[in-house]
Amino acid sequence: MIFCVVPEELAPDLYDQLSSYYADDPHVEVIIDRRKSERRDGQAENGSHRRELRDRRRSRVPGEFPQLDPE
């Protein structure tokens, strides 16, 4: 399923037009984004801090791997 998300401010101009354009495609659904604020602001519901963003590419460990004994 592909969601074509239309911002609420543009919905009067675009929603009907996009809905008719994608009417024949069962894999596309046109929706209006009515969110008023970001849900991930602040702490999570369980009181934990929100997830930290970090660089996933870590530097390599210095040194070399030991030689493996062939069996």
Indicate every side-chain donor-acceptor pair of residues 24-33 with a distance under 3.5 Å to a residue at least two apart or in another chain.
from  : atom 1 : to    : atom 2 : distance (Å)
Asp25 : OD1    : His27 : N      : 3.0
Asp33 : OD1    : Arg35 : N      : 3.2
Asp33 : OD1    : Arg35 : NE     : 2.9
Asp33 : OD2    : Arg35 : NH2    : 3.0

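- Partners of Leu10 according to the side-chain contact (heavy atoms from CB on, under 4.5 Å) rule, which considers only residues two or more places apart in sequence or in another chain, are Val6, Pro7, Leu14.
- By the criterion of side-chain heavy atoms lying less than 4.5 angstrom apart, applied directly or through intervening Ile, Leu, Val, Met, Phe, Trp or Tyr residues, Tyr15 is grouped together with Tyr21 in one hydrophobic cluster.
- In this structure, Ile2 is a member of the same hydrophobic cluster as Leu18, with clusters built from ILVMFWY side-chain heavy atoms closer than 4.5 Å.
- Here salt bridge (charged side-chain N to carboxylate O under 4.0 Å, His left out) pairs that include residues 1-21, with residues two or more places apart or in two chains, are Glu8-Arg34, Glu8-Lys36.
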